[in-house]
J.: 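Have a look at the structure that comes next, please.
Each chain gets a letter, A, B and so on, in the order its sequence line appears, and its residues count up from 1. Note: hydrogens, waters and symmetry copies are ignored here, and every other heavy atom, side chains too, is used.
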Amino acid sequence: PWRKLLWIKQDYPDDHVDDTFLDELQKNVNVRAYDYWTVVMESTVISQHISSIVIFIAVFIDLFWGRLSAQNLIISGTVLTIIGYIFWDKSISKTDPAYEYKRWKTAKGAVLFFVTLLGLSPILKTLTKDTSSDTIWALTVILFLANMLFHDYGSENRTNIKFPGSLSTNAAIFASVLLASRLEVNSHVFGLMLFAVEWFALFPIFRRYTKSLSAKFNVALTCILFILATTLFLYISNVIAIIYVLGIIFITFACPYWLIWIQKYKNEIHGPWDEARPKLQPPNE
Amino acid sequence: MRKIVNTRVRSSGEQRIQINYMDLILNQINSSFETEKAIIARCQAFTTRRNRRSKSVSEAVKESAVGIGLFLKKSFFYPINYLTPMIKSTLSQPMIILLMFVRMFAEVILRILNLRFPPWLFNGTALKDLSATSQQIDLRLQQASYWPWQYMLLRIRDWTNTATTRAQYISFYNSMWLVANDIIIGVTIGSFLINNSEYVANILLKDLDHYTIENLVSMIEWLMGWPAGLKLNSELDKFLGELFLWSIDLWKDCVTTIGPFIPEILRIIGLSGTLGGSMVLSLLSDFLSFMTLHIYIFYMVAAKIFNWQLTILYSLFNLFQGKKWNTLRNRIDSCDYDLDQLLLGTILFTLLTFLFPTVAVYYATFATSRVAVIFLKAFMETLLAFLNHFPLFAIMLRFKDPERLPGGLRFEICDPDYFSSYGIARVVRGIKSIWPRANRSIILPLKNASNINVDGLSSKSSDSTVDESDHIIRLRKSRMTTVVNEKNISSSFAYSTSHIAQTKLVSINPSTIPQSINSSTTPQSSYLFMQNLPIPLSAIFFQYLLLWKMLSSHYFSFYVLRCLVSGEAIKHISRLQYPMLPETRSNLMDFWLFLKISFTVQDE
């Protein structure tokens, strides 16, 4: 029989191609068959993020036009953050008992941050007074796009306190500073900044945590955000609201179907010529 | 000939240990010349006794004139010659003590001037670097303490080592002449200043006010309102502008209080002209830097803020991308920041980005004005350099007697039948030998050109040796028309000849001559013409080339550009004016010995 070895002399001619030549070729080994509804569940991450950006823009527009008062924003934001934090803290301390000492650190950090933001608001108010509005809007759009594209949409179960990716958070904060500098009153600036920090830095952690907690809660959260975004934008501009709704529907329902449909064109080849992947020993229990 | 050259070259390849065949030959030539001169002198005395021919009228007149002159000299100077030993013997002891005190005083001043500040104050500069006057005093005192040693060297008169003694002689008299020139120029300028101090003070005040104060004020006011259409952050703009305007108001008050004293100051500067024109120049330079002190302070403040802003912006930009500077590995690595660090960092980054153009514009204004002041000071320093180190003596020697500045030898192989032809052929040959013949003459360049560098002394530092000899060799290469390989020659030798006649015949053993020159089969001697070439003029000024190179490499380099762009302070180069003094001064013991020797020698 023909052997796939070059260093011995075999009876076959030099250009003999045997039938067993490509036996070790494996096609589409890593391809999984996706289930439609699972993919839909997973796509809620993306729609949640887009909704949060839309909600933030709606809040800014309302603040800009004076429909929303700064005090309401500050109070509601702070209350919601505290509720969320207590909820998260209770759940975490069940799994990680050594979490007690971190409470003091987080409280200290929060107070420090609060006070710094309060002090920086007057400077931020007049930061871009001389720049024209068009520049600001354009910059903001680019930065929010960066935030959306570079966000950490990891779908593994993670309960550790890993902040969501530096560049996306930084882009979002930069954009919110730009937007805040368009406002006229100090308290407005402070309110928007505080809300932005809570919304773009702390809320993703919460979202990721609830996703790993229970699927129903995740779906509920998605629906809440969707409804909130739609209602907020209905007062601002109908067109944008309709575009938003259509977009969310597209992402949630049409894209999973599309993904599954093009899976059949997948043509992946593996073989013994790939790089070796070391199999790590499981830890001895 | 080639073999001699080659043996020299091979041995000079290792560490400059040279078998001095050439030096031996030159010593032989010099000693034969001296003996020939001595013999001729003796013979002349001898022959005039023998061949006493009748004198012509002109000779008789000359003799009588010489005789009268000698008689006058003797009668006039006789009492002085009688008195001077007595004066000297009484005065020598006090003179020694006085000179010793002066020397100690000078040493003390030099020590004080060379003190260095601690690193946390003024960045560790020496005291003398702060002002041009102290540099000038330092230079003069160092020169003055070096003169006795030079004078001692001159008196040894060792003609086997004539290169160094020649150089010391020239540099000693050069510095003497320069100091005298300096004092003359200084007295002139000083008297002018003293007579017209009011007028000059008025003009000075008016100019300073116009250029340093009014211009600056109008510039800052322009910056405060959207200069050239640049949109600066108005709050910060107004704040900085008002800060600087207030400081300028304070400075104006200072200037008006000093104003009435300026004529007095100018008179004092004029008085110091007796110490030399260079002192006047350096005092004027110090006065100028004192009057522009406010520009210096503004520049330091603006540069600090700008530099600070730039570094913070850079590190915050890294934080924006999620990276950090890893000092252990000297590179940028990704980093896990805490959440609050990230948030605060981003907010500060936005803040600083929008405040950047304002600060940059203020920094640019003050940096340009500081650069203008530095240019002015550099101009004065170059004038000082001219006054201090101009090679007058060397230039005079070059024109009067070029052979006293040896700049290499030129060898020319003469025809084998040189001696066998007379009359016209010899004349023709003489005419032909005026311009160097291609393929026949060999020119040997200089080694250790600093040995005979005419403005300075033998360099004790070896790096300047290499530079200068390379420099001289580069000059020489353009005139190298030689059979011998250029590469061999460039590892160079020094041949300085003293008082050697125009051409000398050197006879060489025939076994060393290549066959092409030897035409006949029987061994004959071949003859070489050896000619002393004087130094080219550009080599005399090579000190200035060195100075210019040092200045331009320090001030026109990327270092300065980087400092200007990033807002760091530009460092001054020290020891700019002293490339030719030795590194260490002779101490007081040597001076004491020198005084004793010089005064006791005169007493004998």
J.: Non-hydrogen atoms of chain B under 4.5 Å away: do they reach the side chain of A:Thr116, the backbone, both or neither?
T.: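 Answer is side chain: those atoms of A:Thr116 sit under 4.5 Å from chain B.
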J.: For A:Asp62, what residues pass the salt bridge (charged side-chain N to carboxylate O under 4.0 Å, His left out) criterion, not counting sequence neighbours?
T.: A:Arg67
J.: Using non-hydrogen atoms only, which part of B:Leu232 is less than 4.5 Å away from chain A: side chain, backbone, both, or neither?
T.: backbone
J.: Counting only heavy atoms not in B:Trp308 (residues, nucleotides, ligands), do more than 12 fall under 6.0 Å from its CH2?
T.: no
J.: Taking the side chain as every heavy atom from C-beta outward, state whether B:Thr350 and A:Ile173 have any pair of such atoms under 4.5 Å apart.
T.: no
J.: For a side-chain contact (heavy atoms from CB on, under 4.5 Å) check, start with the C-alpha distance between A:Leu117 and B:Ile347, then their side-chain angles and the critical distance, and finish with the verdict.
T.: CA-CA 9 Å; A:Leu117 217 49; B:Ile347 295 179; 3.5 Å; yes
J.: Hey, which of A:Thr128, A:Val197, A:Leu120, A:Thr131 has the most heavy atom pairs under 4.5 Å with chain B?
T.: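 Highest number of heavy-atom pairs under 4.5 Å: A:Thr128.
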J.: List for me each residue that meets side chain to side chain contact (heavy atoms under 4.5 Å, CB included) alongside B:Leu223, sequence neighbours excluded, and say none if there are none.
T.: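 Side chain to side chain contact (heavy atoms under 4.5 Å, CB included) list for B:Leu223, sorted by chain: B:Pro227, B:Val361, B:Tyr362, B:Thr365.
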J.: Side chain from CB out, backbone as N, CA, C, O: work out which of these in A:Leu112 comes under 4.5 Å of a heavy atom of chain B, or both, or neither.
T.: neither
J.: Check B:Asn233 against A:Leu127 and note the closest heavy-atom contact, atom names and distance.
T.: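 Looks like OD1-O, 4.0 Å.
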J.: For the CZ atom on A:Phe206, are there more than 12 heavy atoms of other groups (residues, nucleotides or ligands in this structure) within a distance under 6.0 Å?
T.: yes
J.: Quick check: do B:Phe354 and A:Leu178 have side-chain heavy atoms less than 4.5 Å from each other?
T.: yes
J.: Could you grab the distance from atom OH of B:Tyr337 to atom CG of A:Asn170, nearest 0.5 Å is fine?
T.: 9.5 Å
J.: Under 4.5 Å between any side-chain heavy atoms of B:Ser234 and A:Asp130, yes or no?
T.: yes
J.: Between B:Asp340 and A:Phe113 (side chain of the first, backbone of the second, donor and acceptor by atom type, cut-off under 3.5 Å), is there such a pair?
T.: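 Absent.
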J.: Could you report the tightest heavy-atom contact between A:Leu167 and B:Gln321, atom names first, then the distance?
T.: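 Result for this residue pair: CD1-CA, 4.5 Å.
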